[in-house]
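Both backbone and side-chain heavy atoms feed into the values below; hydrogens, waters and symmetry mates do not. First listed ligand is number 1; within each ligand, the first listed atom is number 1. Since this is a predicted model, take the numbers as computed values, not measurements. Residues take their numbers from the sequence shown, with the count starting at 1.
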Amino acid sequence: MAKNDRRDFFRRSAALTGGAIAGAAAATSAARAAPLAVPPTNQEPGRIIEESAYGVPSKYEAHVKRRRTDVLKNRQNLSDWSMTPLQYQPGIITPNGLIFERHHAGTPDIDPRTHRLVIHGMVKQPLEFTMDDLVRYPSVSRFHFHECSGNGLTDWVKPASTTVQQTHGLLSGVLWTGVPAATLLDEAGIDPKGKWVLFEGADASAHTRSVPLEKVLDDTLIVYAMNGEALRPENGYPVRVVIPGWEGNVSVKWLRRVKVSDQPWYFRSETARYTDPMPNGKWRKFSMVMECKSVITSPSGGQQLKNPGFHEIRGLAWSGSGKIRAVDVSTDGGKSWREATLEEPIMDKCLTRFKAPWDWKGGPAVLMSRAVDSTGYVQPTVAEIQKARAIAGFVQHHNGIQPWAVNEKGEVRNAIGQA
Ligand SMILES: Nc1nc2c(c(=O)[nH]1)N[C@H]1C(S)=C(S)[C@@H](COP(=O)(O)O)O[C@H]1N2
Ligand SMILES: [Mo]
């Protein structure tokens with residue numbers, strides 16, 4: 001945005017916010033003079049504290065839950081996934097019971113007392129850790145987004161999914177706690193010829209990936225806790241690796257083996273899957289960074305605007321290459337854009353919230369968001385990302401701009417490929 005445009009924009013949005021909030025008061029709440037009736041909850045004591053109970057959300061929030069894709073039919077439930085209800089997520093953190101799940105052969109039930117993790121291969125001294133050993137190491141906690149590279153794979157070309165949970169819900173925001181992988185590898189002593197690191201899971205898929213040593217020493221974590229409690233079984237209990245900003249697939253769950261080598265292993269998940277077909281007929285050799293992306297979570301698919309007037313456009317932006325620098329929003333399908341407000345804290349490889357006031361006139365509109373990260377990378381349109389890849393079947397790493405179409409009744413629907 002040029003300097004003058006920016007000044008104009010601030011004037012316009014200040015006017016919009018002021019005027020619209022006054023309008024919203026008239027449209028969404030009723031004037032009242034008489035005192036409120038005293039409700040029954042004021043007249044009798046509430047539920048008492050239950051001994052040793054693990055708290056659960058209000059029964060009125062029962063609709064807020066993980067769901068499977070509504071596009072693909074799963075017939076065997078072993079290689080499966082569930083998605084985060086982003087339309088109900090008010091902050092940058094996803095509660096543990098709502099973090100998306102993706103596994104290739106079910107969730108194992110691992111006893112932390114017998115679980116062992118080894119570091120071996122090109123190291124001076126192979127090491128074996130119990131869970132008690134791991135928690136004794138100096139620990140760190142970091143906020144990061146967590147996204148499966150298959151996020152959006154049902155909606156590459158045309159709208160198939162109805163809600164943002166279905167289009168973007170292979171995404172969560174998590175506070176991870178554990179030990180930097182560098183600490184453990186340092187202790188094992190890396191052979192100077194070491195260049196790649198293998199991570200292997202203790203599940204029935206024995207899921208395995210190769211990660212460059214540079215990334216492992218930079219910011220990779222061996223974690224045992226998420227959002228203030230032990231990992232949940234479905235997310236890797238008792239220990240997993242977290243590779244910040246990279247596709248979820250490399251963050252191997254139920255971690256049992258770390259091996260150092262001078263070359264990658266070329267596993268199925270890095271050759272037959274999780275890489276990208278390019279227009280020249282070749283496939284990318286490794287494609288692990290999740291590039292800059294954003295999505296409007298409200299208003300979003302399946303929701304309905306009740307009244308014209310003030311609405312706050314809200315959404316999430318993230319980048320595997322750094323921090324979010326800016327998010328622009330459009331309400332006219334990308335013809336014009338204005339800058340949204342980013343909500344602090346804005347952290348590296350983490351979900352960032354954005355908000356923009358919008359005065360809905362009651363007519364059709366197409367809402368879009370476009371994120372820019374700290375490297376200057378701009379989130380592509382769907383047309384641009386389609387051109388950059390050969391779209392055939394299950395294509396990964398979809399970071400195109402998501403359009404939501406609003407009709408005159410206020411109904412919001414997925415308009416990917418149509419706007
Ligand atoms: N051991 C093991 N690790 C795994 C997987 C798996 O099937 N087995 N799935 C991977 C994939 S594809 C993703 S997207 C993430 C999902 O992590 P989550 O279930 O905690 O969200 O775990 C990765 N790590
Ligand atoms: Mo994934």
Side-chain angles (χ1 to χ4, degrees), residues 66-69 72 74 76-86 89 93-110 115 117 144-154 165 168-178 197-211 220-227 229-259 267-276 286-290 293 318 320 351 394-399:
R66 296 190 282 224
R67 284 172 205 275
R68 291 221 189 86
T69 164
L72 303 167
N74 188 310
Q76 34 74 21
N77 298 339
L78 274 176
S79 174
D80 200 2
W81 59 92
S82 72
M83 308 170 105
T84 296
L86 297 172
Q89 182 175 310
I93 293 303
T94 309
N96 283 342
L98 298 175
I99 289 173
F100 81 88
E101 305 159 273
R102 170 73 182 115
H103 48 64
H104 294 78
T107 293
D109 182 16
I110 297 178
H115 187 70
L117 168 66
H144 288 299
F145 76 83
H146 175 51
E147 186 183 19
C148 174
S149 53
N151 207 15
L153 68 75
T154 51
Q165 178 165 17
H168 287 75
L170 293 175
L171 171 75
S172 299
V174 188
L175 174 60
W176 301 108
T177 300
V197 183
L198 166 152
F199 295 100
E200 183 187 80
D203 56 330
S205 77
H207 182 66
T208 324
R209 288 294 307 255
S210 318
V211 178
T220 294
L221 302 173
I222 307 296
V223 312
Y224 42 78
M226 60 202 294
N227 295 336
E229 63 179 0
L231 292 176
R232 291 284 173 93
E234 56 272 35
N235 305 109
Y237 184 85
V239 59
R240 78 179 298 171
V241 61
V242 167
I243 319 263
W246 287 23
E247 60 183 12
N249 191 272
V250 287
S251 291
V252 171
K253 303 190 274 188
W254 313 295
L255 184 67
R256 67 185 288 269
R257 205 155 66 88
V258 177
K259 185 177 184 183
F267 293 115
R268 175 176 179 270
S269 289
E270 40 211 34
T271 52
R273 297 279 187 280
Y274 301 102
T275 179
D276 308 315
F286 298 110
S287 179
M288 305 194 276
V289 177
M290 297 306 290
K293 190 166 169 182
W318 63 101
L351 297 182
F394 276 17
V395 186
Q396 307 276 316
H397 304 106
H398 183 347
N399 69 329

Undergrad: Is there a donor-acceptor pair under 3.5 Å between the side chain of His103 and the backbone N or O of Leu78?
TA: yes
Undergrad: Tell me whether His207 contacts the main-chain N or O of Ser251 through its side chain, where contact means a donor paired with an acceptor under 3.5 Å.
TA: no
Undergrad: Can you name the salt bridge (Lys or Arg N to Asp or Glu O under 4.0 Å) partners of Arg68, sequence neighbours left out?
TA: Asp80
Undergrad: Quick check: closest heavy atoms across Ala204 and Ala105, and the distance to 0.1 Å?
TA: CB-CB, 3.7 Å
Undergrad: When you measure from the side chain of Ser149 to the backbone N and O of His397, does any donor-acceptor pair fall under 3.5 Å?
TA: no
Undergrad: Can you list every protein residue that has a heavy atom under 4.0 Å from any atom of ligand 1, sorted by chain and residue number?
TA: Phe100, Glu101, Arg102, His103, His104, His146, Cys148, Gly201, Asp203, Ser205, His207, Glu234, Asn235, Arg240, Gly248, Asn249, Ser251, Val252, Lys253, Trp254, Tyr274
Undergrad: May I ask you to decide whether Glu101 forms a salt bridge with Arg232, counting only side-chain N to carboxylate O separations under 4.0 Å?
TA: no
